[in-house]
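Quick caveat, the model's predicted, so the values are computed rather than measured.
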Amino acid sequence: MSSEEDFSLVMDVPQPSEDTLEGIQALTANYKKKHEQLIEEQKDLAARRDDRREMAQEFRLRTDKLTQSLEEDKRCHKQKLENEKARMNLLLQEEADLLRAIQEVQRDLEEEEAQNLHLRKQTNVFTAVPERKVFFNGATGKATDTPAFEMEPRIVYPMEGGTALVTFEEEVVARKILEVMKHQVDLGAECSITVEAKPVHLMLPRVVEINSEVCPRRILISNLPKMNTDTLLNKLEIHFSKSKHGGGEVDECEMMRDSWTVVLTFVKNGIAKDLAEKEFHEVRLDEKKKHRVRVTPFLNGNIRNLKTEMTVCPRTVLLTGIPAIMERETLQDLLEIHFQKSSTGGGEIEAFLYNPLGQQASALFTGVSQNGEEEKKEEEEEE
């Protein structure tokens, strides 16, 4: 060892006896020192405890925030999941709707194709209409003139007993008669009757749609010569009933006199089609030579859509409440004379029909336009 090294010797200092004052004071000082150390340790523990409490409080706050954030995330995730499910269901529904729409479009396309095929067949039929000879008679027309399709209506109007129908030449006269309503008709010999004027309502077609179909059992024969009808029908029936001519058993043979064509009806289907496809046939209609006739398909027309509307006849008036007090002709003449007089609001009469009490009759309206502008004639039909 170096001599320069320091040495410290710890030697136990003898403690004074507790029985002595110095010992008690030393012991008290020692306990006081320990007490101060305990207080310092207590303060240090209290400070650490407060730190731990603050830290625990911070942790609790952070835990609460994290819990709230987690719950919010869960809610958001749940909401997003529900939204995605709803979107998925909506997409599935749209897909199902689109599939149904595609199927409907496919069905419509199939129907359209079938309709187009049918129309093509009908077009082929329309191009094979019977031939009719035409000639120019010297009449000319405007370039804007176009042919129009017109129908001649025939409307049967049932009449009650004790009524009459009056058609005036002018609408204004009919309106005046309807405005007065009740009319006192002088029958002579201080005798008169009171009749009531009412408008005449007719049901007229407003829209008519007709479907045409090729009849599988009928043919239309044209290009026929002028000859005895019975002989012509017999010759045609005999010719087209023979199988060597492509025919078959004939059910009916009818002449269309307005066009001088013949409608031939077979018992079986299919014969008419084969004959129409050949079109031209040599038929022996007399003993000298054969005649070249034309066979085309026969079209059946079915009303597909019919819409009607009630129309008031502007020039026709219905008279009611007419008693049977004299002969029919006499009373009709007196009524007609009364409503011809301008002094009673009447005017020129185009048609007059009276049906007495106890009898039944019907008036036939023809030539009535859709807006009721014209009533051409009236006819009586006894039942």
Query - Nearest heavy-atom neighbours spanning V250 and S241 - result: CG2-CB, 4.0 Å
Report task. Grab the two heavy atoms, one from R217 and one from A272, that are nearest each other, plus how far apart they are. Result -> C-CB, 4.0 Å
Report task. Decide yes or no on side chain to side chain contact (heavy atoms under 4.5 Å, CB included) for L224 and L236, but give the supporting numbers first. Result -> CA-CA 10 Å; L224 299 172; L236 291 174; 4.2 Å; yes
Are [X] and [Y] linked by a side-chain donor-acceptor pair shorter than 3.5 Å?
X: Q93; Y: D97; result: yes
X: R218; Y: T265; result: yes
X: Q184; Y: S192; result: yes
X: R100; Y: Q103; result: no
X: T167; Y: T316; result: yes
X: Q79; Y: N83; result: yes

If two hydrophobic side chains count as joined below 4.5 Å and joins carry through other members, does [X] share a cluster with [Y]?
X: F240; Y: L285; answer: yes
X: M227; Y: I221; answer: yes
X: M203; Y: Y157; answer: no
X: Y354; Y: I325; answer: yes
X: L66; Y: F59; answer: no

So how far is it from [X] [atom1] to [Y] [atom2], rounded to the nearest 0.5 Å?
X: R206; Y: M310; atom1: CZ; atom2: CE; answer: 13.5 Å
X: N234; Y: T229; atom1: CG; atom2: OG1; answer: 10.5 Å
X: D64; Y: Q57; atom1: CG; atom2: CD; answer: 8.5 Å
X: I155; Y: S362; atom1: CD1; atom2: OG; answer: 13.0 Å
X: H281; Y: K290; atom1: NE2; atom2: NZ; answer: 12.5 Å
X: N228; Y: K235; atom1: CG; atom2: NZ; answer: 11.5 Å

Query - Non-hydrogen side-chain atoms of V312 and V200 separated by less than 4.5 Å - result: no
Requested in this report: Evaluate salt bridge (charged side-chain N to carboxylate O under 4.0 Å, His left out) for E171 paired with R315, printing each intermediate quantity in order.
Outcome: CA-CA 5 Å; E171 296 182 12; R315 296 192 294 119; 5.5 Å; no
Report task. Determine, stepwise, if the pair I349 / F168 fulfils side chain to side chain contact (heavy atoms under 4.5 Å, CB included). Result -> CA-CA 4 Å; I349 294 176; F168 296 96; 3.9 Å; yes
Requested in this report: Report the relative orientation of the aromatic rings in H239 and H245; use parallel for angles under 30°, tilted for 30 to 60°, perpendicular for over 60°.
Outcome: parallel
Whether [X] side chain and [Y] backbone form a donor-acceptor pair below 3.5 Å:
X: T261; Y: L220; value: no
X: D286; Y: K289; value: yes
X: N305; Y: V207; value: no
X: H183; Y: I177; value: yes

Requested in this report: For the pair K32 and E36, evaluate side chain to side chain contact (heavy atoms under 4.5 Å, CB included) and give the outcome as yes or no after the intermediate values.
Outcome: CA-CA 6 Å; K32 184 177 180 181; E36 291 176 352; 3.8 Å; yes
Step through the shown structure and confirm whether more than 12 heavy atoms of other residues, nucleotides or ligands are within 6.0 Å of [atom1] on [X].
X: E170; atom1: CD; answer: no
X: E71; atom1: CD; answer: yes
X: E94; atom1: CD; answer: yes
X: Q42; atom1: CD; answer: no

Query raised in the report: Going through the checks in order, is the salt bridge (charged side-chain N to carboxylate O under 4.0 Å, His left out) test met by R48 and D44?
Result: CA-CA 6 Å; R48 291 183 181 182; D44 185 53; 3.1 Å; yes
Requested in this report: Given side chain to side chain contact (heavy atoms under 4.5 Å, CB included), test E329 with Q332 step by step and report yes or no.
Outcome: CA-CA 5 Å; E329 291 78 8; Q332 178 168 329; 5.8 Å; no
